[in-house]
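Lettering of chains follows the sequences in order, A, B, ..., and the numbering in each one begins at 1.
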Amino acid sequence: MKGTKVISTLAALAGGLAALGAAGSAHAIAWYFQTPASKMAAEIDWLHQVVMWIILVIFVGVFGFMFYACYAHRRSIGHKAEQFHENTTVEILWTIIPALILIVIAWPVTQTVIAQKDTSAPDLTIKVTGYQWKWGYDYLKGEGEGISFVSTLSTPREQIEGRAPKGENYLLEVDNEVVVPVGKKVRVITTAADVIHAWWIPALGAKQDAIPGFLRDIWFRAEETGTFRGQCTELCGKEHAFMPIVVRVVSPDDYSKWVGEKKKALAAAADDPNKQWDAKELVARGEKIYASTCVACHQAQGQGTPAMKAPALAGNKLVVGPEAPPIDTVLEGRPNTAMQSFKQSLSDTEIAAVVTYVRNSWGNKASDVQPAEVKARRK
Amino acid sequence: MSAVVHDHGHAHDDHSHGHHGPYGGIMRWITTTNHKDIGTLYLWFSFVMFSIGGLMAVGIRLELFSPGLQFTDPDFFNQLTTMHGLIMVFGAIMPVFVGFANWQIPMMIGAPDMAFARLNNWSFWLLPFAATLLVMSFFMPGGAPGVGWTMYAPLTVQMGIGMDLTIFAIHILGMSSILGSINIITTILNMRAPGMTLMRMPLFVWTWLITAYLLVAAMPVLAGAVTMTLTDRHFGTTFFNAAGGGDPVLYQHIFWFFGHPEVYIIALPGFGVISQVIPAFSRKPLFGYASMVYATSAIAIISFIVWAHHMYTVGMPVTGQLFFMYATMIIAVPTGVKVFNWVATMWKGSLTFETPMLFALGFLFMFTLGGFTGLVLAVVPIDIQMHDTYYVVAHFHYVMVAGALFAAFAGVYFWLPKWTGHMYNETLGKWHFWLTLIFFNMIFFVQHFLGLAGMPRRIPDYPLMFETWNKVSSLGAFGMGLAQLLFLYIVVSTIRSGVPAPQKPWEGADSLEWTHLPTPAPYHTFEVQPEIK
C-alpha cells in the first residue's frame, strides 16, 4: 500500500526531528503548569484536569465513531451506503447531553471565579505600575508600608545577543525582587504609566492587566516560601519580552528583616537634591541609569532607534545645547512615543546624573547638570 | 435538492455566447464582471497573501528556533507577528472563501451570475490596493506597526506612519467585504432557480448567507475602532486615553465585538465546504440538514454576545466574567451538533478517501480539537492562567489553520475538476495532505505545552525551559512552508494539463454544478434557470 508507506516515512521523519530538538537542549523540558504555590493555582490546575478528562472522554467517543466508520463503512470493502438523513431522538439527545455536561463544569468554576475576585481584607497591599519596560512597586498598606522601588531585568545584554552563555534564570531575573510574607493575603493593585502591560506569576495563579489611567486588583496567598517567576503577558512594545516579574516568598520573620533593611537602604539612597556633585561622579552614576533605563531605545553608543522614534543622542544638538531642554525631555517625556515622563520613577539626582552622562558621552561635550537644576524645573 | 432535473439551458451554453466573450490578456481580468473570473482572482489573490503571510511566519519561527536574539530585533519581530496576523486573516482566509462564494454560489443555486456584477469587480479590485498599503507599511519610517493584529490602544499611538497605512488598509478591506457580502445576500435571496427554496439550498450557500450577514454587521464596528485609533493618533481625541476621559479597554470591547463574529466569519464558510465534501464521499445525504441550518444560525447569533471572553484579564466585574463564560460555553452546543451531524453523515455510508475527503476529515478531527481547547479557555480561572500565552496561539491556529485552511484545501481539490476541466494528481494531493497534517501538528500541538508551561505570546526571546518545544515547532513550520509549494505545483499542473475530468467526478456529489453543468464549467452558465423539482 502506497498510503501506509507514506505515513511510515513521515512518522519516522517527524520522530527524528523531535529527537533532534530534544537533543539540542540540556534544559528541563517544561510542558505543564508550574507546581502551584497557592491554593488558587492548585484549584486552577484541578479545574483544568477535570475539564481535560471530560474533553478526552467526549473526544475518544466522537472520533471512535468517526474512525470506526472510516474502517467499517469503506466502499473498498464493499459497504453500501444507507440513505437515512435524520433521527429526531438522537438529535435532541446530542443537544441536551452536552448542555448538561456544560452545567456540570460551570458549577464549580463559578465558585472559583467568585473567590478569585474577592480582594477584600488583605494583609498587605502592593501597587504595581507597568512601565516600558520595567515594573514599579509601592507597598501601600500593611507591614513594609512606604517601601518603593523599580524592578528591571538583570540578564545582561551579552546573554541576549549571544555573546555570553545564558544563565539559569535567563530573562526571568530582576535587580529588585518583590518580597512578600508566606501565608498572608496580598492584594496587588495594577496600573501602568504608558501602555497596557500584564502582571503574572503562574505558580501563584495571579494575572492582571495593568491599564494606564485605571486601577485593577487581584490577590494571592502564597502557601510556601520560594522564588516565583513570571513575565509580562500583554504586548507592550519593543522590549515586551524583557520585563519579568520575580516574587520572593519568605517567612514572616525574614519578611520583617527585609522590610527593615529595605527601609534603611532607601533612606540612605535618598539623595539630598541640594548637594553639589562632581561631574565625574554624575557621569559614573548616570551610566548605570542609562544602561537600565535608556539603552533599549537609545542604544549603547547613543545612536538611537529610528523605528522607535528614539533619536540618536550622540551629536544631538538638543542634548549638548542649553541644560533646560534635555532636563525637560526626561522630566516630561515626549507625547505619543515610548519616551515617557520620568518625573515619578527617577529622582532629581538620578535625572541630573543621566543627563550629565548623555551630555558627556560618545563624543558629546557639555556642562554637567546639578540636581538642584532638575528640582527647579519640576512643574 | 437531489431531484434530477433536465436543464434545457446548458446544451447551447457552450457556443451561443461566443460573440461577447471576455477581453484577451490582462484586460480580461481588470474589466471582468464574470463571477467565475472574479472567483479565480480572489483565489489567486488569497494564495499570494497566504505565501507572504507564510513567509512572515517562517521568519517568526526562525527567530524562535533558539533563545536569544539571532535574526530580528524585537521591534521587527513585533512587526512580523502583527502583519502575519493581519495578512492571514484579512488577505488570505477571508478572500479565499469569497473566491469559493463567487465560483460556487451562482452555480449551486442555478443563477447566471452574481446580482451586482460590476460591484463584484470593484469588491475584488479594492483588495490589491489594501494589500499594497499593508505591505508598504514595512518601508515607512518606523516600519510596520508592531502592535499585534488586535491593535490594542494605547500602544497604537506610539507607532509610526505604518500604523496609518494599516488603518486605511483595514478601511478598504472592510469596504470590500461589505460590498461583497451585500452582493452575496442579494444573489442568494433573489436569484435562486425556480423551486430552489431556502431549505433546499446546499449547505455551503446557507453558511455563506449567514456569514454575509455577520460581515455586514461586524466590519463597520472594526472600521469604527480603527478610525477612533486614527483620530486619537492625529486629531487630539482621547477615546482610548484615560488622561482625556477615555478608556484603553473601550478599544478592546469594540475590537472584540467585531473580533468574535470574525472568528465565525472565517469558520462558517469552511463548515459549508465540509458539509458538501463529507456527504459526497460518504455517498449519503447530509445528516440533519435542518439542524445544521439552525445550528449555524445559532452560532452566528451567539457569536455577538461572547466577545469579552477575550478580555477576562482586563479586570471585569465578577458578573461580567460569569455572563461571558456561560455564553461562551453555550456556543459549544450548536458547534457540537455540527460535528455530530458530520460524523453521522459518514456513519453507514460508503466511504472513499480522495484528497478532498482527507482534508475534510483532517478538518473535522483538528477543528474539534481547537473547539475543545476553546472550551478550556472559556473557563475563566483557567483562561486567566492561559491568557496571552502560547496555549491561545495553539488554540486559534487549530481553529483557523486546521479549521478554515483545511476546509479551503478540501474545497479546492473538490471543485478543481469542475473549474479547470482536469483531474488533479491524486497521489500528490495525498502527499500534500499528509505533509500538511504532520507539519501542522508539529508546529502547533507542542505550543499547547509551551502555553501551559507559561510562555507568553508575541515575544522574540524566551527562557531556556521553552527551548525544546520551540525547536520542534520551528522545524514543523519550515516543513509546512515547503509542503505548500507542492500545493502550488499540483494546482498549476492541473490547470495546464492533467486527465480530462468527467461532468461528475465524485459519485456522491449532488448539487447543481455537478448534476447540470458540463466540465469544465462554461464561461456563462444557467442563462436559462433550471427548474428544481
- Task: Might you point out which heavy atoms bring B/Leu155 and A/Gly237 nearest each other, and give the distance in Å?
- Result: CD2-N, 3.6 Å

- Does A/His73 use its side chain to pair, donor to acceptor, with the backbone of B/Lys348 at less than 3.5 Å? yes

- Item | B/Lys284 charged N/C atom sitting above A/Phe84 aromatic ring, 6.0 Å / 45° | yes

- Task: Give the minimum heavy-atom separation between A/Val51 and B/Ile382, together with the two atoms involved.
- Result: CG2-CD1, 4.2 Å

- If one checks every heavy atom of B/Leu450 against chain A at 4.5 Å, the contacting part turns out to be neither

- Message: Ignoring hydrogens and geometry beyond distance, is a side-chain donor-acceptor pair present between B/Gln385 and A/Trp200 at under 3.5 Å?
- Response: yes

- Could you walk me through whether B/Arg283 and A/Lys80 pass the side chain to side chain contact (heavy atoms under 4.5 Å, CB included) check? CA-CA 9 Å; B/Arg283 293 165 181 77; A/Lys80 293 271 182 298; over 6 Å; no

- So, does A/Lys207 use its side chain to make a donor-acceptor pair with the main chain of B/Thr313 at under 3.5 Å? no

- Fit a plane to each ring of A/Phe63 and B/Phe365, take the angle between them on a 0 to 90° scale, and name the class: parallel (under 30°), tilted (30 to 60°) or perpendicular (over 60°). perpendicular

- Task: Would you please test B/Thr368 and A/Val62 for side chain to side chain contact (heavy atoms under 4.5 Å, CB included) and show each step?
- Result: CA-CA 10 Å; B/Thr368 306; A/Val62 172; 5.7 Å; no

- Query: For the atom pair CE (B/Met465) and CD (A/Glu168), what is the distance rounded to the nearest 0.5 Å?
  - Reply: 10.5 Å

- side-chain hydrogen bond (donor to acceptor under 3.5 Å, both in side chains) contacts touching residues 98-116 of chain A (sequence neighbours left out): A/Glu43-A/Thr112, A/Thr110-B/Tyr326

- Task: Report the residues that fulfil side-chain contact (heavy atoms from CB on, under 4.5 Å) with B/Asp75, sequence neighbours left out, ordered by chain and then residue number.
- Result: A/Lys238, A/Ala307, A/Met308, B/Asp73, B/Gln79

- Message: Could you check whether any side-chain heavy atom of A/Lys166 comes within less than 4.5 Å of a side-chain heavy atom of B/Pro67, counting everything from C-beta outward?
- Response: yes

- Polar side-chain atom of A/Gln34 near backbone of B/Gly454 as donor-acceptor pair, under 3.5 Å: no

- Item | Parallel, tilted or perpendicular: rings of A/Trp94 and B/Phe340 (30°, 60°) | tilted

- Query: Side chains of B/Gln158 and A/Thr337: is there a donor and an acceptor less than 3.5 Å apart?
  - Reply: no

- Message: Please confirm whether the ring centroid of B/Phe466 lies under 6.0 Å from the ring centroid of A/Tyr170.
- Response: no

- Chi angles and distances behind the side chain to side chain contact (heavy atoms under 4.5 Å, CB included) call for B/Val446, A/Trp31: CA-CA 8 Å; B/Val446 298; A/Trp31 68 280; over 6 Å; no

- Item | Heavy-atom donor-acceptor pair, B/Asp461 side chain to A/Ala241 backbone, under 3.5 Å | no

- Item | A/Ile96 vs B/Val333 side-chain heavy atoms within contact, under 4.5 Å | no

- Message: Could you tell me if the side chain of B/Leu351 sits less than 4.5 Å from the side chain of A/Arg75, heavy atoms only?
- Response: no

- Sidechain-backbone polar pair: A/Arg216 side chain, B/Val314 backbone, donor-acceptor under 3.5 Å: yes

